[in-house]
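Chain identifiers are assigned alphabetically (A, B, ...) following the order of the sequence lines, protein sequences preceding nucleic acid strands; residue numbering begins at 1 within each chain. FYI, side chains are in, hydrogens and waters are out, and symmetry mates aren't considered; it's all heavy atoms of this structure.
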2 protein chains.
Amino acid sequence: MRRTQPQTLPSPQLLDELSAFFRLLSEPARLQLLCQLKHGGAMDVASLIEATGFSQSHISRQLGQLQRAGLVSCERDGVRLIYAVADPLVDDLCNLVQRRLKQRLEQQLRQLQAV
Amino acid sequence: MRRTQPQTLPSPQLLDELSAFFRLLSEPARLQLLCQLKHGGAMDVASLIEATGFSQSHISRQLGQLQRAGLVSCERDGVRLIYAVADPLVDDLCNLVQRRLKQRLEQQLRQLQAV
DNA sequence: AGGGCTTATGCCGATGCGCGCATTATGCAG
DNA sequence: CTGCATAATGCGCGCATCGGCATAAGCCCT
């Protein structure tokens, strides 16, 4: 019947790693890049520049962060780098959060109508 | 056979809301507060101060942010405010990410041993 | 090797935010 | 009404990071 069983507190180190991961997703630019990659499959940097309007250096940096975290992978095609989403987890997380945002708005709407 | 079906890109507004949500979890202090609340059930601010070592003002601010996002709820007990986790989503997200971090480390370990 | 690509990196200003101190606001007891 | 406790807020410092510009580094072609 216990809805939230007692559990040990996460170690400070785990806390840092979790928050570092969420921080990666806390930047609209990075999230946008991930969504573009999911939408377009595998894309090179030029396409990402055109799709997002960001500068080349900015995109390079953000992709670097995402790659170090293993969220995107890249392979060479001659001089170009082709990036792609490497982990479906981000999409799952976004869907969960989006569903939650929607539910929350619907609830607020009902409360307004209940007046 | 399509592993990632084509989908419409999220609007800039949704992108901002998603990233804002993840930003809430991108701070170790907030994550720690959420974990403490999950661990202790419902706690007042004094207990949180003792458990985390943060200043009263800091905790008040962080709880305010979490409450505005609907992640924690609070009720009065006389002059004290008792906070509690209001949404199991955060715990789910953390578990997903934690599992992923673990898998990633195991994979890196295997790659080292394969040498 | 040299020139023309594409990507990564040093630098820097602007911005945001964590976080404590001091103060104010809010509820309770006398 | 006056203290007394607790929680919220104004203020300020410090630090991290975003994001563009300029430059360096890496790859391909002749």
Side-chain angles (χ1 to χ4, degrees), chain A residues 12 15-37 40 42-86, chain B residues 12 15-37 40 42-86:
Chain A
L15 233 44
D16 283 346
E17 292 196 52
L18 285 172
S19 58
F21 186 91
F22 288 125
R23 184 171 302 114
L24 281 176
L25 308 183
S26 73
E27 182 60 36
R30 277 191 292 269
L31 222 45
Q32 186 177 352
L33 286 174
L34 286 170
C35 292
Q36 280 288 350
L37 286 178
M43 302 173 68
D44 67 336
V45 179
S47 307
L48 289 172
I49 291 177
E50 183 180 313
T52 64
F54 292 124
S55 73
Q56 179 266 324
S57 66
H58 188 44
I59 290 184
S60 172
R61 263 186 250 270
Q62 305 311 322
L63 288 179
Q65 290 190 46
L66 295 175
Q67 189 178 12
R68 271 188 294 278
L71 295 182
V72 302
S73 61
C74 85
E75 56 174 296
R76 302 203 76 100
D77 172 33
V79 71
R80 318 197 139 160
L81 294 183
I82 312 292
Y83 283 89
V85 176
Chain B
L15 234 43
D16 282 346
E17 294 197 53
L18 285 173
S19 59
F21 186 90
F22 287 124
R23 177 154 34 245
L24 282 176
L25 308 183
S26 73
E27 182 59 35
R30 278 191 293 269
L31 224 44
Q32 185 176 353
L33 287 173
L34 286 169
C35 292
Q36 280 287 351
L37 286 177
M43 302 172 69
D44 67 336
V45 180
S47 307
L48 289 172
I49 291 177
E50 183 180 310
T52 64
F54 293 124
S55 73
Q56 179 266 323
S57 65
H58 187 45
I59 290 185
S60 172
R61 263 183 250 271
Q62 305 312 321
L63 287 178
Q65 290 190 47
L66 295 175
Q67 189 178 14
R68 273 189 293 278
L71 295 182
V72 303
S73 61
C74 85
E75 58 175 293
R76 301 203 77 101
D77 171 34
V79 72
R80 321 197 136 162
L81 295 183
I82 313 291
Y83 284 89
V85 176

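Atom pair Leu63(A):CG and dA8(C):P shows a separation of 8 Å (rounding to whole Å applied). With rounding to whole Å, Gln62(A) atom CD is found 14 Å from dT9(C) atom C1'. One can place CD1 of Ile59(A) at 10 Å from P of dT7(C), the figure rounded to the nearest angstrom.
For residues 45-69 of chain A, the pairs satisfying ring-ring contact (aromatic ring centres under 6.0 Å, His included) are Phe54(A)-His58(A), with sequence neighbours left out.
Contact check of residues 65-84 of chain B against DNA chain D (heavy atom, cut-off under 4.0 Å) returns Val79(B), Arg80(B), Leu81(B), Tyr83(B).
Ranked by how close their nearest DNA chain D nucleotide is to the 5' end, Gly53(A) and Arg23(A) are led by Arg23(A). Comparing Ser57(A) and Glu27(A), the nucleotide of DNA chain D nearest to each residue sits closer to the 5' end for Glu27(A).
Using modelled atom types, one side-chain atom of Thr52(B) and one backbone atom of Leu48(B) make a donor-acceptor pair closer than 3.5 Å. A side-chain donor-acceptor contact under 3.5 Å links Arg23(B) to the backbone of Ser26(A).
By the 4.5 Å heavy-atom criterion applied to side chains, Leu31(A) and Pro28(A) are not counted as neighbours. Residues Leu34(B) and Val72(B) have side chains in contact (heavy-atom distance under 4.5 Å, counting atoms from C-beta outward). Two residues are said to be in side-chain contact when any heavy atoms from C-beta on lie closer than 4.5 Å; Cys74(B) and Leu63(B) fail this criterion.
Close approach of DNA chain D to chain B, defined as any atom under 4.0 Å from a non-hydrogen atom of the protein, starts and stops at dT6(D) to dC11(D).
Among the protein residues, Gln56(B) comes within range of the nucleic acid bases, having at least one heavy atom under 4.0 Å from a base atom.
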- prompt: What's the verdict on side-chain contact (heavy atoms from CB on, under 4.5 Å) for Arg76(B) and Leu81(B), showing C-alpha distance, side-chain angles and the deciding distance?
  reply: CA-CA 5 Å; Arg76(B) 301 203 77 101; Leu81(B) 295 183; 3.6 Å; yes

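Separation of atoms CG (Leu71(B)) and CG (Leu25(B)) is listed at 7.0 Å; rounding is to 0.5 Å.
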